[in-house]
Number of protein chains: 2
Amino acid sequence: MDTSLTVRDATRDDLPSLIRLFAEDSVGGHGDTTDPVALPQYESAFTAIEESPNDLLFVGVVEGDVVATAQVTFITSLTGRGTRRMAIEAVQTRADMRGKGVGSRLIIHCLDVARERGITLVQLTSNAKRADAHRFYQRLGFEKTHAGFKMRLDHAST
Amino acid sequence: MDTSLTVRDATRDDLPSLIRLFAEDSVGGHGDTTDPVALPQYESAFTAIEESPNDLLFVGVVEGDVVATAQVTFITSLTGRGTRRMAIEAVQTRADMRGKGVGSRLIIHCLDVARERGITLVQLTSNAKRADAHRFYQRLGFEKTHAGFKMRLDHAST
């Protein structure tokens, strides 16, 4: 399995596969959908990621199919003498491809990119319900040192 | 106390006060220091934050003194139909100013900025050791839904 996996930057052509990947996820509860009505929102998000100097979007591809994805964001902060950190977001592996080393390869790719760019701190959050994912990150060398907080804001407009 | 607090964008003139604020923090263990040898690293981090279209750095000021700070990063991801989220990082309140509503005012400022910009999700992580901070964020309406993972990368060079 591992040998046939390629990790590369996402292109706009990957968008339908990426949307499907997120829509199939049941734990996240992010309201993702392949309904064409939502397509413009995904397209505009893709453009924002593409145009951001601090974001990269990766896909894991097996036999031409996008089976996994992860996004990384570079954040420079003053703490730690001006640490440049990498935040990994929106990690997803297709359900039937889990436990096959796909996710590891994807995260290792992120870590390689971090090292190439001189990043000294890599961080991510994982839903508290995803015990398997927590063990997965710990096996890769991450330490569960923090609690992750979220707040949804509702908007009457937009 | 609350009435005399001003929250505004940080300027380069705030840098010495900001460094002191991080250097005085004992829990984070980020190795911050007021030693002038580290100043160029902080200066270059400040420049990176200033130049980033997706980052804002705020300070809380009481009687001309910088007593608190927070940084926000805007991240657009595909999940959630292209959610634009705000990540709050590097939140710090001077030890003698805690419990006086300073931190709340700062976070509420971040949330106001998020609403102005149509952000629907605000997220942050807090060191697992900071039980007080966790209650503080929960009082403000955040939910502790995630686990936060970190990995330090060592570099022989740079």
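Labels below follow one simple rule: chain letters A, B, ... track the order of the sequence lines, proteins then strands, and each chain is numbered from 1.
- Among A48(A), A45(A), A38(A), the residue making the largest number of heavy-atom pairs under 4.5 Å with chain B is A45(A).
- Interatomic distance, S44(A) OG to I49(A) CD1, rounded to the nearest 0.5 Å: 9.5 Å.
- In this structure, F149(A) has its ring center closer than 6.0 angstrom to the ring center of H134(B).
- Using a cutoff of 4.0 Å between basic side-chain nitrogens and carboxylate oxygens, R8(B) and D13(B) are not scored as salt-bridged.
- There is no side-chain donor-acceptor pair under 3.5 Å between R84(B) and S77(B).
- No donor-acceptor pair under 3.5 Å is formed between the side chain of D65(A) and the backbone N or O of V62(A).
- In summary, the side chains of T73(B) and N54(B) do not present any donor paired with an acceptor at a separation below 3.5 Å, with no hydrogens or angles considered.
- How far CD1 of I107(B) is from CZ of R139(B): 12.0 Å, rounded to the nearest 0.5 Å.
- In this structure, the portions of L121(B) lying under 4.5 Å from any heavy atom of chain A include both its backbone and its side chain.
- With a 4.5 Å cut-off on non-hydrogen atoms, I88(B) does not touch chain A at all.
- Both the backbone and the side chain of L124(A) come within contact range of chain B, judged by heavy atoms closer than 4.5 Å.
- If you look at F58(B) and H109(B), their ring centroids are closer than 6.0 Å.
- Residue contact with chain B, scored on non-hydrogen atoms closer than 4.5 Å, involves the side chain of I75(A) exclusively.
- Looking at L39(A), neither its backbone nor its side chain comes within 4.5 Å of chain B, counting heavy atoms on both sides.
- If you tally non-hydrogen atom pairs under 4.5 Å between each of T83(B), L15(B), L140(B), T76(B) and chain A, the highest count goes to T76(B).
- Heavy-atom pairs under 4.5 Å with chain A peak, among A114(B), S126(B), P40(B), A128(B), at S126(B).
- For chain B, the option among R85(A), Q138(A), M86(A) with the highest count of heavy-atom pairs below 4.5 Å is R85(A).
- Without hydrogens or angle criteria, D32(B) side chain to T79(A) main chain gives no donor-acceptor distance under 3.5 Å.
- Considering only heavy-atom pairs separated by less than 4.5 Å from chain B, the leading option among Q41(A), Q123(A), Q92(A), K150(A) is K150(A).
- Neither the backbone nor the side chain of L21(B) comes within contact range of chain A; no heavy atoms are under 4.5 Å apart.
- Both the backbone and the side chain of E143(B) come within contact range of chain A, with heavy atoms under 4.5 Å apart.
- For the set A87(A), G82(A), S52(A), A133(A), the count of heavy-atom pairs under 4.5 angstrom toward chain B peaks at G82(A).
- For the salt bridge (Lys or Arg N to Asp or Glu O under 4.0 Å) test with D96(B), the passing option among R94(B), R98(B), K100(B) is R94(B); the others fail.
- Each of D55(B), I119(B), I19(B) has some count of heavy-atom pairs under 4.5 Å with chain A, and the biggest count is that of I119(B).
- Among R115(A), R81(A), E89(A), K144(A), the residue with the largest count of heavy-atom pairs under 4.5 Å with chain B is R81(A).
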